[in-house]
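One structure is given below, encoded as C-alpha cells.
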Protein chains: 2
Amino acid sequence: MMENKSISDLIEAYLKEILGDSAQIEIRRSEIANHFDVVPSQINYVIKTRFTIQNGYLVKSKRGGGGYIRIERVNLLDNIDVLNSLIQTIGDSIRERDAFAIVQTLYDEKVITQREGDLMLVALAKQTLDVGNTDVEARLRARVLISLLNRLRYES
Amino acid sequence: MMENKSISDLIEAYLKEILGDSAQIEIRRSEIANHFDVVPSQINYVIKTRFTIQNGYLVKSKRGGGGYIRIERVNLLDNIDVLNSLIQTIGDSIRERDAFAIVQTLYDEKVITQREGDLMLVALAKQTLDVGNTDVEARLRARVLISLLNRLRYES
DNA sequence: AAAATAATGGTCAGTATTAGTCAGAACAAG
DNA sequence: CTTGTTCTGACTAATACTGACCATTATTTT
C-alpha cells in the first residue's frame, strides 16, 4: 500500500487545514488552483467529491468580480433515521393527503415547529402545486417534500 | 480566509452604513461615485442589484439641478402597499435569485426564523422546482412564494 | 416668455473577471 | 484488461465594471 496521496487529497487536506475551527471559509478558486498548480476545475472536483452535504459541508459560490467559493461546516442532526424512512415512503410521487400526513408526523415527532409545518403545508398544497396535470403535480410534490426533508437533516 | 469584496459590495455596505436607522437617505450619485473612484453608472448598478423591492428598499430619484437618489427602507409585510407592489413585481413568474432575496429580507426583518427561511429557500430552489421548462418553473415558484407570503401575512 | 445652458441622473451594450459543467484523457488498483 | 478515480481544457454562465449617449430639471440669458 503506497502512501502516494493524490493532489486532490492534498487539496482536501489543505482546505480542511485552513478551515480549522472556523465555521466557514471563502476561497478563490484560481488561487487554490495556482497554489497546487492544477487547473481551476479540479477545485470543483475536490469540492464535489469531498465537501458534500453527507460529509457535513455546505458549499456556495459567487461568480464575477470578487467571486468566491464558500465552504461551510454544518451540524448533521440526529433525526436522520426518521427522515430517511419518511423519504423512502415518498417515492417519486405523492398525493396531498399523504404529504400532509408526513408533515403531521414530523410535528408529532417534534422535528419541526407548528409554524414550520404550516409553511410546509402551504408549499405542498394542491392549490399551490396544481399545474393542470395530476401526475406532474404529484411528482412535483414529492420533489418539494424530499427537498424539505433533506434540509431538515442538518443545521447551518 | 481573506475577504475579497468587490467595490460594489463596499458601496452597498457604505450606503447601508449611512442609512443606519434612518427611514431613508438622499445621496448624490456623483459624490458616491467620486468617493469610491468609479464611474457614476456603477452606482446605478449597485442600486439595481442590491436595493430592490425584493431586498426591502424603494428607490426614487430626480435629475437636473439639485437632483438626488433617495433610498428608502420599507417593511414587506407590515405595509399593505409595499406587499401589494411586491406581489405585483412577482407577478405570475419569478427567478430563483429574486425569490431568494425576498426570503432573505423577511429574515432580516425578523418576520421569519432562519430555519423557516431555510425551508422556504429549498421549496423555491431551482433544483426543487425544475420541471424541464424554465417558464413553468418560474410560474410555479411565483405561486409557491405568493402562497407562503399570504400565509405569513394573515398569520400575524 | 422662450431659448439656451448647466447640472444632474438613466440606460444599455460591451468588456473584464470570476466560477461551473462536462466529456474525455490519464492514471491507479485489482 | 477492466473499472473506478483523478485530472485537464474547451466551452458556458454569472456578476462586476466602464463609457458613450440619452433624459430631465434648474438656472441663466435674450
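Chain A is the first sequence line, chain B the second, and so forth, proteins listed ahead of strands; every chain is numbered from 1. Everything numeric here is computed off the predicted structure, so don't read it as measured data.
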Regarding [X], tell me which of base, sugar-phosphate or nothing describes its non-hydrogen contacts under 4.0 Å with the strands shown.
{"X": "B/T49", "result": "nothing"}
{"X": "B/G64", "result": "base"}
{"X": "B/R70", "result": "nothing"}
{"X": "A/V38", "result": "sugar-phosphate"}

(message) Would you say that more than 12 heavy atoms from the other residues, nucleotides or ligands in this model lie under 6.0 Å from the CG of B/N133, or not?
(response) yes
(request) Count the heavy atoms of every other residue, nucleotide or ligand shown that sit under 6.0 Å from CG of A/D108, and state whether that count exceeds 12. (result) yes
(message) Can you give me the first and the last nucleotide of DNA chain D (5' to 3') that has an atom within less than 4.0 angstrom of a non-hydrogen atom in chain B?
(response) D/dT15 to D/dA26
(request) Compute the bend angle of the helix from C/dA1-D/dT30 to C/dG30-D/dC1 from the end axes (five pairs per end), rounded to 10°. (result) 10°
(message) Would you say B/N44 and B/R29 are linked by a side-chain donor-acceptor pair, where the criterion is simply a distance under 3.5 Å?
(response) yes
(message) Looking only at side-chain N and O atoms, does B/Q42 offer a donor or acceptor that is under 3.5 Å from a partner on B/S8?
(response) yes
Send over the distance from [X] [atom1] to [N] [atom2], rounded to a whole Å.
{"X": "B/Q42", "N": "C/dG10", "atom1": "CD", "atom2": "P", "value": "14 Å"}
{"X": "A/I47", "N": "C/dT21", "atom1": "CD1", "atom2": "C1'", "value": "14 Å"}
{"X": "B/D9", "N": "C/dT17", "atom1": "CG", "atom2": "P", "value": "17 Å"}
{"X": "A/N44", "N": "C/dA19", "atom1": "CG", "atom2": "C1'", "value": "7 Å"}
{"X": "B/I27", "N": "C/dG10", "atom1": "CD1", "atom2": "C1'", "value": "14 Å"}
{"X": "B/I7", "N": "C/dT18", "atom1": "CD1", "atom2": "P", "value": "12 Å"}
{"X": "A/I43", "N": "C/dT21", "atom1": "CD1", "atom2": "C1'", "value": "15 Å"}
{"X": "B/E26", "N": "C/dG9", "atom1": "CD", "atom2": "C1'", "value": "13 Å"}

(message) Between the base of C/dG20 and the side chain of A/R29, is there a donor and acceptor pair under 3.5 angstrom?
(response) yes
(request) Indicate the ring-plane relationship of B/Y57 and B/F51, choosing parallel, tilted or perpendicular according to the 30° and 60° boundaries. (result) perpendicular
(message) Testing A/N84, A/D78, A/N79 one by one against A/R153 for a side chain to side chain donor-acceptor pair (under 3.5 Å), which residue passes?
(response) A/N84
(request) Find which nucleotide of DNA chain D each of B/Y45 and A/V46 is nearest to by heavy atoms, and output the residue with the more 5' nucleotide. (result) A/V46
(request) Please determine, for the side chain of B/S41, which listed nucleotide (C/dT11, C/dT8, C/dT18) has the closest atom? (result) C/dT11
(request) In plain terms, say whether B/D92 and B/R143 are close enough for a salt bridge, that is, a side-chain N and a carboxylate O under 4.0 Å apart. (result) no
(request) May I ask you to decide whether B/E96 forms a salt bridge with B/K126, counting only side-chain N to carboxylate O separations under 4.0 Å? (result) no
(message) Using only atom types and a distance under 3.5 Å, with no angle test, would you say the side chain of A/E109 pairs donor to acceptor with the backbone of A/L106?
(response) no
(message) Strictly distance-based, threshold 3.5 Å: is any side-chain N or O of B/N75 a donor or acceptor partner for the main-chain N or O of B/L77?
(response) no
(message) On DNA chain C, does the nearest nucleotide to B/R63 precede the nearest nucleotide to A/I69 from the 5' side, or the other way round? Give the residue.
(response) B/R63
